[in-house]
Engineer: 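Sharing a structure, written as structure tokens. Questions coming.
Throughout, a chain's letter reflects where its sequence line sits, starting with A, and its residues are numbered from 1. Both backbone and side-chain heavy atoms feed into the values below; hydrogens, waters and symmetry mates do not.
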Amino acid sequence: MTAQHTDPLVRFVDVQKTYDGEHLVVKKLNLDVEKGEFLTLLGPSGSGKSTCLMMLAGFETPTHGDILLQGQAINNVPPHKRDIGVVFQNYALFPHMTVAENVAFPLTVRKVNQTDAKQQAIRALEMVQLGEFADRRPGQLSGGQQQRVALARSLVFEPQLVLMDEPLGALDKKLREQMQIEIKHIHENLGVTMVFVTHDQDEALTMSDRVAVFNDGIIQQIAPPAELYEKPANSFVANFIGETNMLFGEITQTQGAECDVMLSNGTSIKSQNIAGASVGAKTGVSIRPERVQLSDTMPDAANAFEATVVETIYHGNHVRVALDVVGQTDFRAMVRSGNIHADLNPGHKLYVGFSQNDCRALDPMAT
Amino acid sequence: MDTVSENQSAQADALAQQGDDIPLKVKLKRAERMKQFKAMALIAPLFLFTLCVFAIPIGLMLWRSIDNPEVVDYMPDTAIELENWSGEGLPGATLTNVFAKDLAAVYKMKKVSSVGKRLNYDVSGMRSLISRTARKFNRHLPENATIDDFIKADSRWEDQRYWKALKRASGSLTPFYLLTAFDKQINDQDQIVDVPENQAIYVNIFWRTMWIAGVVTLATVLIAFPIAYLLANASSKVSNLLMFCVLLPFWTSLLVRTSAWVVLLQKNGVINSSLEALGLINEPITLLFARPAVYIGFLHLLLPFVILPLFSVMKSISPAYMRAAVSLGAHPAVAFVRVYLPQTLPGIGAGGILAFILAIGYYITPALIGGPQDQMLSYFIAHHANSSLNWGLASALGLVLLAATLVLFTIYNRLTGASGVKMG
Ligand SMILES: Nc1ncnc2c1ncn2[C@@H]1O[C@H](COP(=O)(O)OP(=O)(O)O)[C@@H](O)[C@H]1O
Ligand SMILES: [Mg+2]
């Protein structure tokens, strides 16, 4: 019992996948999905997220490696015996069946009798607030409603695991945000394990317990959202999640977990040595724009420089400023609207400051 | 500034009130009228074209199935007297007198054969009776001809049935051809009865037509389905090649293709000799000029017409449906039957109805490779239209075929209409 409790629900062990025999779409995947967690696979389009999901659902076979479900290798289990709910990007609701018939489908193929299946389907529809649409055809529903039907259909047979491949991609922004919250609530209420695929970082950050960032068929970092944002492990993650300033240079001195970085224009920056690189190594220092302080007087910070305002863009609750500083002409700073203590008109001179803690010396980025 | 905006709002109010006098529905109608007019103008050429080359000719052709001009046109006075005649016994002097004069006149107009031919449809032998009598009366027309003069000209006039046939043919419209198409006739007691057994052929042929077309449609759909599936799901390289093969028959003439089957199916043909070589049969089986040849020929002919609509429907069915069904726990076979197959129904329906309609209309295939027992209704329509020149009967048989097609089409529409709602 206790041993099982700590066992992950799903385990990818050294999984590789190639479609053409030349190019690895998934390079070497080792990933555990814990029971009951909401895990998101986040990454740019073409990074192999769907491929991973389809291997888990059973529609693609790994070229190498094993996928374990509750400790059992499922490479040879056909998809219809895996008991995994899948929500596809375009919902794949059966157009010739009513909404209720769609939701009852997984039950009827499991030989649940008609009346029970119908009742359970209605209950599942009520869970997604679509009880009164039971007798409509999917084509008569809006995109958001179809999405919910697909969700109800993938949950009605109480699978231990639900996979969703960019399920919200076709919805407009407002509906998408609403659905994100709704899916999150369903996850909390049912305690079902969910693996969610998206290329939208906001979606990943708001919904997930953990996020696995994919690029080039490799997991770049897997961490809870806050950690991913605050402590990106490499420059890809730092750039992909949120916005960041990357300052390139060479490490001139290391001291424990800290280091000094000399930028190409000769400026020296005090930073955290995340990559653990030694003196002389090339590096990219990441600084989040909202961690940059602006003031009319020299700030009391580990890194403080004089800067010129290049451009200011007003965003309502915050202001984005592009600055000419440390050899960059597009150094970004973000200031909350109530927190502006400096003249931000273009051409104005002011001071920027950022602490050593907020500077993360990462790998020097491949590109 | 203020006065300007006040002015504007006053104007707006006035406009709104003006608009309020007219109900919204009327306004909408007015707005839509121009659109409708444009739409109608755009379809007008097509409408006229269809009317001129399709609806009108078909209407005229169908009209011939009840049209009965011969007696009325060439012997109008006789037609009137025939109407007046009670039909009991032999006719009186008024009718015989008028008829004799008309016969002589028709002979001079050289229209005896067309009148004789029409009457001969009803009672055989009447063509010779009419032409002989007309020739005699033309040479010598008796004053006030009586029944005796007719009997003198040809003793057959003694028989009342010739006079009854004449009376039946005297109206400007006749049910004769349509009744013939259903193997019925009106007897001398004015009752609708079955024609004698040895003349009853058309009902039989109608059912034979439906049977052959039905079997061929079913077989074609069954064979077309996997081909269309392959076309829709194979890699583009394979499906291009396959599509080329499917369309290849369209590049050769129908006659060539059908004749090729003669070569393949004959007693010593490729098929028989290969079957013999394989040891499957001991002696050649009869394929050619028999039902198997007709089925095979039709199947070959109709396959593309079913494959193409099926293909286009299957192409539009996303593979995600099958995946979704399987992921929800359905065995692939169950998923196919419950999720894929229902979505191909519009294609099966369209292809099937097309194949059926083509099959009941193509008379060339059975004519070339079928036997006498395999000829379909369309063959007889062609025969009566081209050879025997009995256009009335050709048109009546055509009407039967058209009606059968329309009935089928209505059923199909009902079925797909219901599933059309299902499709959402
Ligand atoms: N069925 C397939 N056959 C061949 N290549 C594929 C197939 N599916 C995906 N790929 C390729 O694999 C790569 C990763 O695709 P995918 O897993 O869909 O990425 P993502 O979902 O992250 O956008 C892409 O380069 C894509 O072209
Ligand atoms: Mg994808």
Engineer: Please state whether the rings of A:H80 and B:H331 are parallel, tilted or perpendicular, taking 30° and 60° as the class boundaries.
Structural biologist: perpendicular
Engineer: Taking side chain as everything from C-beta outward and backbone as N, CA, C, O, which of these in A:R110 sits under 4.5 Å from a heavy atom of chain B? Side chain, backbone, both or neither.
Structural biologist: side chain
Engineer: So which part of B:V334 gets closer than 4.5 Å to some heavy atom of chain A, the side chain, the backbone, both or neither?
Structural biologist: side chain
Engineer: Count the heavy-atom pairs under 4.5 Å between each of A:R82, A:K81, A:R153 and chain B, then report the option with the highest count.
Structural biologist: A:R153
Engineer: Is the count of non-hydrogen atoms from other residues, nucleotides or ligands lying under 6.0 Å from A:R11 atom CZ greater than 12?
Structural biologist: no
Engineer: Got more than 12 heavy atoms from elsewhere within 6.0 Å of CZ, B:F409?
Structural biologist: no
Engineer: Counting neighbours of CD on A:E158 that are heavy atoms of other residues, nucleotides or ligands and sit closer than 6.0 Å, is the number greater than 12?
Structural biologist: no
Engineer: Within a reach of under 6.0 Å around NE2 of B:H300, are more than 12 heavy atoms found that belong to other residues, nucleotides or ligands?
Structural biologist: yes
Engineer: Can a donor-acceptor pair be found between the side chains of B:R338 and A:T108 at a distance below 3.5 Å?
Structural biologist: yes
Engineer: Tell me whether B:L24 at atom CG has more than 12 heavy atoms from other residues, nucleotides or ligands lying less than 6.0 Å away.
Structural biologist: no
Engineer: With rounding to the nearest 0.5 angstrom, report the OH to OG distance, A:Y91 to B:S318.
Structural biologist: 13.5 Å
Engineer: Please check if the number of heavy atoms outside B:F47 that lie under 6.0 Å from its CZ is greater than 12.
Structural biologist: no
Engineer: What closest approach, in Å, do A:A92 and B:A320 show between heavy atoms, and which atom pair accounts for it?
Structural biologist: CB-O, 3.8 Å
Engineer: Can you give me the closest heavy-atom contact between A:F88 and B:A324, atom names plus distance?
Structural biologist: CE1-CA, 3.4 Å
Engineer: Measure the CG-CG distance between A:D83 and B:L328 for me, rounded to the nearest 0.5 Å.
Structural biologist: 10.5 Å
Engineer: Can you say whether A:L93 sits under 4.5 Å from chain B via the side chain, the backbone, both, or neither, judging by heavy atoms?
Structural biologist: backbone
Engineer: Check A:F94 against B:Y321 and note the closest heavy-atom contact, atom names and distance.
Structural biologist: CE2-O, 3.4 Å
Engineer: Does any backbone or side-chain atom of A:F59 lie under 4.5 Å from a heavy atom of chain B? Answer side chain, backbone, both or neither.
Structural biologist: both
